[in-house]
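Have a look at the structure below before the remarks.
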Amino acid sequence: MFPEYDVIVVGAGHAGCEAAVAAGNMGAKVMLATMNMNTIAQMSCNPAMGGVAKGQIVREVDALGGYSGIVTDHTMIQFRMLNLSKGPAMWSPRAQSDRMRFAEKWRLMLEAHPNIDFWQEMVTGIMVKDNRACGVYTGLGLEIPAKTVVLTNGTFLNGIIHIGEKQFSGGRAGEKAARGITGQLEDLGFESGRMKTGTPPRIDGRSLDWDKMEEQPGDEDPGKFSYTDTPKLTKQLPCHITYTNQKVHDLLKTGFDRSPMFNGRIRGVGPRYCPSIEDKIDRFAERDRHQLFVEPEGEKTVEIYVNGFSSSLPEDVQYKALQMIPGFENAKMFRPGYAIEYDYFPPTQLKMSLETHLIDNLFFAGQINGTTGYEEAASQGLMAGINSVLKIREEDPFILKRSEAYIGVLIDDLVNKGTNEPYRMFTSRAEYRILLRQDNADIRLTPLAQNLGIRGTDERMQHVEEKVQASEEIQKFLRNLSVTPDQLNNYLASKNSAPLKQKLKLHRVLSRPHINLSEVREVLPEVDSFLEKFDKEKIEQAEIHLKYEGYIQKEQEMVEKMNRLETVAIKEDFDFNSLPSLSAEAREKLSKQRPQTIGQASRISGVSPADISVLLIHMGR
């Protein structure tokens, strides 16, 4: 009934969709298996993409040929660049999406792909022969053969939904949980655990008093995520901000005795950086209010997402508490918030390619690896899809370094450090964040995608080359142009910046804090005249390079120093127990995680600098 596929992707959330696209764009024949074709790429939680560090990930996925940025640009209803008051390493794009259009656009793009087939049914197990994945079993008893399998099961593995004292099986509201895979993987020797996440109630926007809330509009000149020619956002919807209060907190506490979080029914660990409202009240008892973001679910729907009010308290407690929030006095609820508990597999059981150590040709991506967030999932799916094809071709895996991408930081953290709570990306996790900016993801990564032969990257490379060339041309002009005190001192005085005492090259002035090129253009007609032929993206790229070139150079020197350890390979069958000079903990951790390089070994928790010295001496370094 079925041909042998190159790649079967199990699960059609954000990780699964990107995995299917990545493999398909490399020429592989792909099957995307999902329990429900109508929920492909569904935004299970908030209707938004990007945010701090997450926006950088979406741009990296786009630069590598993924679709998340394209879909977001086609379906967003608001765009904001976060952290603009800070340096460009912190700038992070974020978009509110139209939930229904987002899922529809993803499905239409997947269906238009010539290399992707679909199958709607529960996958109950992996076909394994000679320690190698070779297909999947389904609930109907079918066997679908494949050369590689990518598991992207999200919150569906033995999922349990909690609302107050009620609990029922489910992978998401209104959808059944997936059974069978966890037990099989445990029988094969995998270690599993439980995690928890949650979602807030959904509200009828017609019942809210918007005048009592603070409006939060999008950017005046909205940007976008994709480096391709996607449509520019012209009509934006506002979000709103309101706050809980002591009355809300007191009422929520009346339900604590029936809360699955506090009475021990939930065993899974929840996300540290996105706690439920009851968790916030319990952990931050000194605060008398918490901020809530009131977000539209789409352009035409009245459904509203209450960001910051995630809860698994009884539905009657949620409802009464909501009506004590300013603007929510007459709120009607579409459905209550809930917590969901699900299986995951500690990611220390993976290679850097996201292939499992125990079973060849089997890859894990997304929440099965202990992460949280659409963006983190999408990036893992993309990498697993690429590496599944490279495995079939018997080529070296595609592994991004920590100095090359946030995606590299994410996977390196997961594989080498593991996680016992839902992992979320932050800019602070990246030690080279001045190099890993959202504005240069295409320059960093599109050449790598082109080398892999990913479909569509030849056209993208033309844009990258034009961008680099234009940036260099602008930088050369600004380095060579001299300015006089008469020309700039009035402007500098308005910015509380020291006046010029003599002629100076313009790039020296631009390196000062609070001095920006867009304002200098207004003062210097020759600069404005020269820059007119360049778009905003290319000008921004040049200005960042000029303003931060000292910091960029320092980080590049640090990268070169660290990369020396990344080039020292460790044989796959290396016996760490044969080195008595290693600490007992290092021998245990290294034997379990099987690092492929000295650099990777140095980042494993419990492996000390002294242990790394022992390994280097043993290898003649």
Side-chain angles (χ1 to χ4, degrees), residues 52-57 59-60 63-64 83 86-92 352 376 379 383 397-418 423-448 451 464 468 471-472 475 507 510-513 540-570 586 590 593 595-617 619 621:
V52 176
K54 293 167 174 278
Q56 283 87 327
I57 289 177
R59 299 211 94 190
E60 290 178 352
L64 288 165
N83 289 335
K86 300 177 181 177
M90 306 295 285
W91 298 351
S92 303
M352 292 293 288
E376 289 90 342
S379 67
M383 297 298 285
F398 178 56
I399 295 167
L400 289 168
K401 300 186 185 80
R402 296 181 73 90
S403 57
E404 289 178 315
Y406 272 91
I407 298 172
V409 175
L410 168 70
I411 293 173
D412 189 81
D413 278 355
L414 291 173
V415 172
N416 294 316
K417 298 174 184 174
Y423 178 101
R424 178 180 177 177
M425 180 53 73
F426 289 101
T427 50
S428 57
R429 294 193 191 271
E431 58 270 52
Y432 307 118
R433 56 184 174 272
I434 294 174
L435 302 180
L436 308 183
R437 306 183 310 275
Q438 56 83 32
D439 60 272
N440 70 355
D442 55 342
I443 296 171
R444 288 185 275 123
L445 300 176
T446 299
L448 304 180
N451 291 341
V464 170
V468 170
S471 173
E472 288 172 353
Q475 288 180 64
H507 79 96
L510 287 169
S511 66
R512 295 182 181 189
E540 182 183 86
Q541 188 68 206
E543 183 177 12
I544 289 170
H545 263 273
L546 285 176
K547 194 178 271 290
Y548 296 93
E549 62 183 341
Y551 297 102
I552 291 169
Q553 192 176 338
K554 276 183 184 175
E555 280 207 353
Q556 283 170 335
E557 287 167 5
M558 286 169 59
V559 168
E560 285 162 19
K561 195 174 178 182
M562 272 307 297
N563 278 351
R564 289 175 205 146
L565 293 180
E566 302 296 341
T567 59
V568 184
I570 301 173
L590 292 165
Q593 290 181 227
Q596 291 159 292
T597 67
I598 292 290
Q600 186 186 346
S602 72
R603 293 186 294 276
I604 293 174
S605 175
V607 177
S608 70
D611 294 318
I612 296 301
S613 296
V614 169
L615 287 173
L616 286 169
I617 290 165
M619 294 173 178
R621 299 297 180 111

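Residues take their numbers from the sequence shown, with the count starting at 1. These numbers were taken from a predicted model, which means no experiment stands behind them.
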Query raised in the report: Checking R437 side chain against P88 main chain: does a donor-acceptor pair fall under 3.5 Å?
Result: no
Query - OG-NZ distance between S92 and K86, expressed to the nearest 0.5 angstrom - result: 9.0 Å
**Report entry** Heavy-atom closest pair, residues N563 and S403
**Finding:** OD1-OG, 4.2 Å
Query raised in the report: Shortest non-hydrogen contact from D611 to A586?
Result: OD2-CB, 3.3 Å
Requested in this report: May I ask you to decide whether R402 forms a salt bridge with D413, counting only side-chain N to carboxylate O separations under 4.0 Å?
Outcome: yes
Query raised in the report: Taking T446 for the side chain and A63 for the main chain, is one N or O donor matched with an acceptor at less than 3.5 Å?
Result: yes
Report summary line: Paired with M352, the side chain to side chain contact (heavy atoms under 4.5 Å, CB included) test is passed by just one of L414, T597, D412, namely D412
Report summary line: Taken to the nearest 0.5 Å, the spacing of E566 CD from Q596 CD works out to 11.0 Å
Query raised in the report: Is there a donor-acceptor pair under 3.5 Å between the side chain of Q593 and the backbone N or O of N416?
Result: yes
Requested in this report: State, to 0.1 Å, how close E540 and W91 come at their nearest heavy-atom pair, and which atoms those are.
Outcome: OE2-CZ3, 3.8 Å
Query raised in the report: Quick one: does R433's side chain get under 4.5 Å of M90's, heavy atoms only?
Result: yes
Report summary line: Minimal heavy-atom distance between L546 and Q475, with the atoms involved, is CG-CG, 3.9 Å
Requested in this report: Show your working on side-chain contact (heavy atoms from CB on, under 4.5 Å) between L64 and I407 and close with a plain yes or no.
Outcome: CA-CA 11 Å; L64 288 165; I407 298 172; 4.1 Å; yes
**Report entry** Nearest atoms (heavy-atom pairs only) where I443 meets V464
**Finding:** CA-CG1, 4.0 Å
Query raised in the report: Does R424 reach the main-chain N or O of E376 with its side chain, forming a donor-acceptor pair under 3.5 Å?
Result: no
**Report entry** From L565 atom CG to L616 atom CG, the distance as rounded to the nearest 0.5 Å
**Finding:** 6.0 Å
Query raised in the report: So I544 and N440, side-chain contact (heavy atoms from CB on, under 4.5 Å) or not? Walk me through it.
Result: CA-CA 10 Å; I544 289 170; N440 70 355; over 6 Å; no
Report task. Find out whether L400 and L448 are in side-chain contact, i.e. whether some heavy atom of one side chain is under 4.5 Å from a heavy atom of the other. Result -> yes
Query - Audit row: M558, M562, side-chain contact (heavy atoms from CB on, under 4.5 Å) steps and yes/no - result: CA-CA 6 Å; M558 286 169 59; M562 272 307 297; over 6 Å; no
**Report entry** Value rounded to 0.5 Å, distance of CZ in R603 from CD1 in I612
**Finding:** 9.5 Å
Query - R444 side, atom CZ; L436 side, atom CG - distance, nearest 0.5 Å - result: 5.0 Å
Query - Atom pair CG (D439) and CZ (R59), whose distance is rounded to the nearest 0.5 Å - result: 7.5 Å
Report task. Please name the pair of heavy atoms, one in Y406 and one in F426, separated by the smallest distance, quoted to 0.1 Å. Result -> CE2-O, 3.9 Å
Requested in this report: Report yes or no: does E60 contribute a side-chain atom to a donor-acceptor pair with the main-chain N or O of I57 at less than 3.5 Å?
Outcome: no
Requested in this report: Scan for salt bridge (Lys or Arg N to Asp or Glu O under 4.0 Å) pairs involving residues 544-556, sequence neighbours excluded, and state none if there are none.
Outcome: R479-E549
Report task. Quick one: do Y432 and V409 satisfy side-chain contact (heavy atoms from CB on, under 4.5 Å)? Show the steps, please. Result -> CA-CA 10 Å; Y432 307 118; V409 175; over 6 Å; no
